[in-house]
Amino acid sequence: MNDVSLLIIAGGKSSRLGRDKRFVEIGGVGLLESMLRKASARNFAEIFLCVDRQTPEIKSLSDAFNATILLDEISAAGPAAGLSNGLRKISSDWALAVSIDMPFFDFAAFEPIFDDQHKIIIPRVGGRLQPLAAFYHRSTADAFEKNLSAWQKKLRATIDRLPHRIIDLDVDENIFFNVNTRADLHLALGRAENLSRPTPIVSIVAPSSGTGKTTFIERLTKIFSDQNIKIGVIKSDAHGFNLDVEGKDSWRFQRAGADAVAVVSPHGWFLTQRTDERADFFTVADKMTGVDLILTESRTRKIFPTVSLWRGLGDKIVDEKICAVFSSAPEASDEIAEFHLDDLKSAEAIIKFLAGT
């Protein structure tokens with residue numbers, strides 16, 4: 001990468017997110033700072049920060065990471081403005097353009113796709129093109145500028161008219177996960193929290209009994225067990241417990257394939273065949289070994305990244321710990337990712353995303 005310039009595309013109004021995404025913290029670090037940190041660890045010929053306006057915070061970050069600020073010359077034109085301007089300013093023949101809204105981005109994952117035989121090189125992962133994680137030759141600047149002058153802001157409209165190469169990558173598609181909405185942010189925060197744990201934990205909660213938490217976890221446990229993913233389950237029970245009694249929830253979890261089951265109550269806790277002092281979810285989770293993922297079940301304890309289950313049409317409670325909702329009456333929204341209660345395929349995908357797998 002020492003012959004390639006880096007264009008960090010960091011303009012836009014973040015209107016769908018409702019606040020400046022550049023400074024939204026995920027994993028304790030703002031999105032813009034996170035991308036600059038990763039970039040500074042690579043050997044790029046130069047780093048440009050393409051923004052619509054300069055602020056003291058942006059200036060401070062650019063100075064800290066030795067990046068040059070480039071202000072968009074055309075306002076409200078989206079990423080195409082930053083890309084067009086950046087390609088005219090680079091001193092090298094090639095640039096890698098990357099958007100800052102990908103918190104799990106990994107430069108190393110697609111560096112091997114670079115070659116100098118095409119004008120544009122775009123990775124495709126999971127069937128989706130990634131034009132804002134792609135290589136562009138400086139000679140393409142004129143085409144982007146020409147389209148912008150005709151107010152054609154879509155990158156694909158320009159890319160399709162130029163010699164380009166699409167390369168299918170066999171990498172984790174979540175490295176290209178974008179944070180555009182509050183729903184995206186909830187998911188990203190949950191995943192980042194689990195990436196810092198030795199064993200990921202996802203809570204399944206519901207505001208009332210009879211919502212189907214136990215059945216939901218039982219079905220997921222069976223799915224993961226069939227994939228050789230070792231599951232631990234921690235159940236909250238306010239009335240005490242009898243572990244391994246046929247028909248009880250803990251028995252159902254073990255029958256579904258859980259490798260470890262614990263029950264936590266006001267009277268103490270029990271982990272499979274080991275008893276110990278009264279403890280909370282954190283203590284039990286620390287003692288649960290030999291599993292790849294821990295699922296917790298409770299009505300209100302949203303202390304880990306949480307999936308909330310709902311029945312009926314009442315107003316759904318969404319707070320910072322709730323990452324996704326599974327409801328009997330799902331609704332499309334930018335506020336929270338929402339799916340039907342019986343949509344096990346989406347449930348599997350969401351849990352795996354939150355687990356960082």
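Since the structure is predicted, the reported quantities are computational estimates derived from the model, not experimental observations.
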Exercise. Counting only N and O atoms by type, is there a donor-acceptor contact under 3.5 Å from the side chain of N43 to the main-chain atoms of N2?
Worked result: no
For this session: Run the ring-centre check on F177 versus F105 and record whether the distance is less than 6.0 Å.
Result: no
Problem set entry | Short side-chain to backbone donor-acceptor contact, R19 and V24, under 3.5 Å | no
Problem set entry | Residue that, paired with I231, satisfies side-chain contact (heavy atoms from CB on, under 4.5 Å) out of V291, I351, L295, L220 | L295
Exercise. Side chains of D184 and T181: donor-acceptor distance under 3.5 Å anywhere?
Worked result: yes
For this session: Using only heavy-atom distances, determine whether the side chains of S5 and E46 contain a donor-acceptor pair under 3.5 Å.
Result: yes
Exercise. Is the closest basic N to carboxylate O distance between E173 and R128 below 4.0 Å?
Worked result: no
Exercise. Just by modelled atom types, is the A206 backbone N or O under 3.5 Å from a matching donor or acceptor in the K213 side chain?
Worked result: no
Exercise. Do S14 side-chain atoms and L17 backbone N/O form a donor-acceptor pair below 3.5 Å?
Worked result: no
Exercise. With a 4.5 Å limit on heavy-atom distance, are the side chains of M35 and R22 in contact?
Worked result: no
For this session: Measure the OG1-CD1 distance between T296 and I294 for me, rounded to the nearest 0.5 Å.
Result: 9.0 Å
For this session: Could you work out the complete set of other residues in the hydrophobic cluster of I166, with links drawn between I, L, V, M, F, W and Y side chains under 4.5 Å apart?
Result: L7, I9, F48, L70, L83, L87, I90, I120, I122, L129, L132, Y136, F144, L155, I159, L162
Exercise. Can we say R191 and D172 salt-bridge, meaning some charged N sits less than 4.0 Å from an Asp/Glu carboxylate O?
Worked result: yes
For this session: Inspect the contact between D334 and R16 and indicate whether a charged nitrogen and a carboxylate oxygen are less than 4.0 angstrom apart.
Result: yes
For this session: Quick one: closest heavy-atom pair of L187 and A337, and the distance?
Result: CD1-CB, 4.1 Å
Exercise. Are any of the side-chain nitrogens in K321 or E193 under 4.0 Å away from the carboxylate oxygens of its partner?
Worked result: yes
Exercise. So, D106 side chain and A108 main chain: donor-acceptor pair closer than 3.5 Å or not?
Worked result: yes
For this session: Would you confirm whether T211, through its side chain, and R311, through its main-chain N or O, come within 3.5 Å as a donor-acceptor pair?
Result: no
Problem set entry | Electrostatic pair D342-R219, nearest N-O below 4.0 angstrom | yes
Problem set entry | Partner set under salt bridge (charged side-chain N to carboxylate O under 4.0 Å, His left out) for E218, not counting sequence neighbours | R252, R255
For this session: Determine which pairs satisfy ring pair (Phe, Tyr, Trp, His ring centres under 6.0 Å) with at least one residue from residues 9-28, sequence neighbours left out, and list them in order.
Result: none
For this session: Applying salt bridge (charged side-chain N to carboxylate O under 4.0 Å, His left out), name anything that partners R138, two or more places apart in sequence or on another chain.
Result: none
Problem set entry | Pair K38 + E33: basic N to acidic O under 4.0 Å | no
For this session: Say whether E335 and S333, considering side chains only, have a donor N or O and an acceptor N or O under 3.5 Å apart.
Result: no
For this session: For residues 64-84, pull every pair meeting ring pair (Phe, Tyr, Trp, His ring centres under 6.0 Å), keeping only residues two or more places apart or in separate chains.
Result: none
Problem set entry | D226/K222 ion pair, N-O < 4.0 Å | yes
Problem set entry | Side chain D343, main chain S346, donor-acceptor under 3.5 Å | yes
Exercise. Salt bridge check: are R53 and D20 linked by an N-O gap of less than 4.0 Å?
Worked result: yes
Exercise. Backbone N or O of G30 within a donor-acceptor pair of the S34 side chain at under 3.5 Å?
Worked result: no
Problem set entry | Backbone of N180 reached by a side-chain donor or acceptor of N178 within 3.5 Å | no
Problem set entry | Point-to-point distance, once rounded to the nearest 0.5 Å, from OG of S84 to CG of N147 | 9.5 Å
Exercise. Roughly how far, to the nearest 0.5 Å, is the CG atom of D142 from the OG1 atom of T158?
Worked result: 11.5 Å
Exercise. What pairs of residues pass the ring pair (Phe, Tyr, Trp, His ring centres under 6.0 Å) test when at least one of them lies in residues 182-218, not counting sequence neighbours?
Worked result: F216-F326
Exercise. Under the 3.5 angstrom rule, does the side chain of T306 hit a backbone N or O of F304 as a donor-acceptor pair?
Worked result: yes
